[in-house]
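Here's the structure, in structure tokens; my notes come after.
For the numbers below, each heavy atom of this structure counts, side chains included, while hydrogens, waters and symmetry mates do not. Numbered from 1 within each chain, the chains take letters A, B, ... in sequence-line order.
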Number of protein chains: 2
Amino acid sequence: MDHSHNKINTGSFDTSGNILKFLTPNQLNYLNEIRHVVKFNKGENIFKQGAPMPHIIVLEKGMAKVFLEDGANRSIVLRLVKSGEILGGPGFFTDYKHHFSVTALEDSVAHFIEISVFKKLIQDNSDFAIVLIAYLNKAHINFYNRLKVISHKQMNGRLANTLIYLSNTIYNSSSFDTNLTRQDLADMSSMTKESTIRILKDFKSSGIIECSNNHFEINDQEALANILENG
Amino acid sequence: MDHSHNKINTGSFDTSGNILKFLTPNQLNYLNEIRHVVKFNKGENIFKQGAPMPHIIVLEKGMAKVFLEDGANRSIVLRLVKSGEILGGPGFFTDYKHHFSVTALEDSVAHFIEISVFKKLIQDNSDFAIVLIAYLNKAHINFYNRLKVISHKQMNGRLANTLIYLSNTIYNSSSFDTNLTRQDLADMSSMTKESTIRILKDFKSSGIIECSNNHFEINDQEALANILENG
DNA sequence: CATTACAATTGATATATATCATCGTCAATT
DNA sequence: AATTGACGATGATATATATCAATTGTAATG
């Protein structure tokens with residue numbers, strides 16, 4: 001059941017990146033031959049912030065959480081990654097280190113592509129270079145929106161934004177189960193887990209959502225959008 | 001007097017972008033022939049968020065403020081731009097609109113380069129494409145740092161960050177005059193102008209800085225760095 | 001089944017921060 | 001010289017949010 005044609009981009013999380021489809025058939029075949037396949041269990045690190053970046057990674061199956069580690073116990077979830085999406089990062093062409101960490105939210109399968117190979121794809125295919133630039137620019141636009149939400153919206157709006165993102169962009173349904181913890185939701189919304197819990201409770205008692213443990217239902221999408229916009 | 005070799009990147013504002021120097025001599029000559037030169041007075045808009053983006057702009061002289069306009073009276077200053085730097089934006093290869101506004105902080109001179117010309121530079125020179133990708137990735141890294149500062153530091157730390165940026169990256173001196181208002185400093189630090197004023201006062205009475213109107217002196221860089229880091 | 005570990009919840013409280021109203025100051029304009 | 005308007009400054013207050021401590025639930029483990 002693919003609802004992706006209905007996708008509404010909330011705009012404040014990093015954009016998805018399935019850009020490999022713009023490679024030539026030859027390039028894709030070559031990639032298929034030389035890639036390494038690795039399985040990850042739920043909860044395992046796919047890579048860690050600060051580590052060297054010898055590979056570009058494509059998530060073939062599962063789901064992962066991309067997040068910044070910011071000192072003791074604090075993190076910022078940048079986005080969730082679904083199968084088909086690419087996991088590069090700004091270390092590419094700069095310091096070749098990972099600037100964020102990635103953890104599997106479900107049992108997942110990833111393909112590893114060596115950096116030198118990826119670099120060659122760009123040099124040999126100027127259309128692909130342009131697609132990559134466009135992809136980075138879209139990520140930039142989403143960052144601007146995230147900055148706006150974090151800087152100028154208060155907690156209700158920020159959590160509404162997170163719920164809309166999960167419903168519209170990640171799970172493509174108003175009803176979903178998730179492995180994200182309350183702490184993860186908090187790290188997506190720049191607040192504490194206690195505040196997250198309290199606001200979820202408010203949303204529940206207003207009838208806007210229902211949730212228990214890891215099951216969520218968005219009853220009133222419009223109300224959420226309104227909370228994001230106005231308060 | 002160029003101190004740029006001493007530049008320390010604070011990391012939480014968008015990176016500077018003088019990337020045209022990576023063009024070939026031929027390309028640079030061509031650019032010189034076809035560019036349009038425009039003067040802006042202090043306080044004038046160079047371009048506005050939401051407007052179409054027919055040109056890439058190079059600031060040849062002066063200084064400008066790059067900021068997001070976020071609803072009634074709220075803005076977020078992304079960075080300051082000095083002469084030699086490029087003013088593109090994430091509309092490039094995406095929707096060809098401006099996603100931020102730029103205002104001259106001093107009397108300035110800008111060169112306008114048509115988008116189609118810039119696009120051709122990228123297509124004809126794959127090294128330049130790579131430089132551009134690296135530039136975008138560096139901007140990404142700085143965004144991550146900005147997210148960390150905004151999400152997890154409180155006001156003292158955020159304002160310290162802004163002062164360090166001005167001193168180390170923009171004015172390259174512990175003593176500087178600026179056309180930025182208290183509201184601008186607030187918009188760089190995600191807080192209100194009143195809070196900015198109060199914290200500046202605190203910093204003054206602690207002997208960390210001196211300031212009156214538009215003159216600033218950083219007496220204790222180390223203390224500022226410490227406030228940014230620990231509180 | 002008992003035990004452990006971790007996640008979710010709740011309430012009380014402290015703190016950080018914004019808002020509002022007001023006033024002074026300086027420079028530009030009439 | 002009078003007027004305006006923007007900016008800077010300050011105090012009083014309201015609000016948003018984090019922190020701390022305790023309790024309950026829940027799922028994995030032996």
> Looking at residues 193-216 of chain B, who's got a heavy atom less than 4.0 Å off DNA chain C?
Replying inline: Glu194(B), Ser195(B), Arg198(B)

>> Please report the distance, rounded to the nearest Å, between NZ in Lys42(B) and P in dA6(D).
In response: 15 Å

>> Taking side chain to side chain contact (heavy atoms under 4.5 Å, CB included) as the definition, give me every residue that meets it alongside Ser195(A), ordered by chain and number, with sequence neighbours left out.
In response: Met155(A), Met191(A), Thr192(A)

>> Rounded to the nearest 0.5 Å, what separates atom CG in Asn168(A) from atom CG in Leu163(A)?
In response: 10.5 Å

> dG8(D) P sits how many Å from Leu180(B) CG, rounded?
Replying inline: 10 Å

> Hey, is CG on Asn73(A) packed in by over 12 heavy atoms from elsewhere, all under 6.0 Å?
Replying inline: no

> Got a sec, which pairs hit side chain to side chain donor-acceptor pair (under 3.5 Å) with one end in residues 61-70 of chain B, sequence neighbours left out?
Replying inline: Lys48(B)-Glu69(B), Lys65(B)-Asp184(B), Glu69(B)-Ser101(B)

> Taking 5' to 3' order, which nucleotide of DNA chain C is first and which is last to have an atom within less than 4.0 Å of a heavy atom in chain B?
Replying inline: dA16(C) to dC20(C)

>> salt bridge (Lys or Arg N to Asp or Glu O under 4.0 Å), that's the test. Do Glu85(B) and Arg79(B) meet it? Break it down for me.
In response: CA-CA 12 Å; Glu85(B) 292 181 33; Arg79(B) 61 172 175 135; 3.3 Å; yes

> According to the ring-ring contact (aromatic ring centres under 6.0 Å, His included) rule, which pairs have a member within residues 175-201 of chain B, sequence neighbours left out?
Replying inline: Tyr171(B)-Phe176(B), Phe176(B)-Phe216(B)

>> I want to know whether His111(B) and His55(B) have ring centres closer than 6.0 Å.
In response: no

> End-to-end bend of the helix from dC1(C)-dG30(D) to dT30(C)-dA1(D) (five-pair axes, 10° rounding)?
Replying inline: 30°

> From Ser174(A) OG over to Ile209(A) CD1, what is the distance, rounded to the nearest 0.5 angstrom?
Replying inline: 12.0 Å

>> Over 60° means perpendicular and under 30° means parallel, so tell me whether Tyr144(A) and Phe100(B) are parallel, tilted or perpendicular.
In response: perpendicular

>> Could you tell me how far apart Asp187(B) (CG) and dG8(D) (C1') are, to the nearest whole angstrom?
In response: 15 Å

> Parallel, tilted or perpendicular: which describes the rings of Phe118(A) and Phe92(A), with under 30° parallel and over 60° perpendicular?
Replying inline: perpendicular

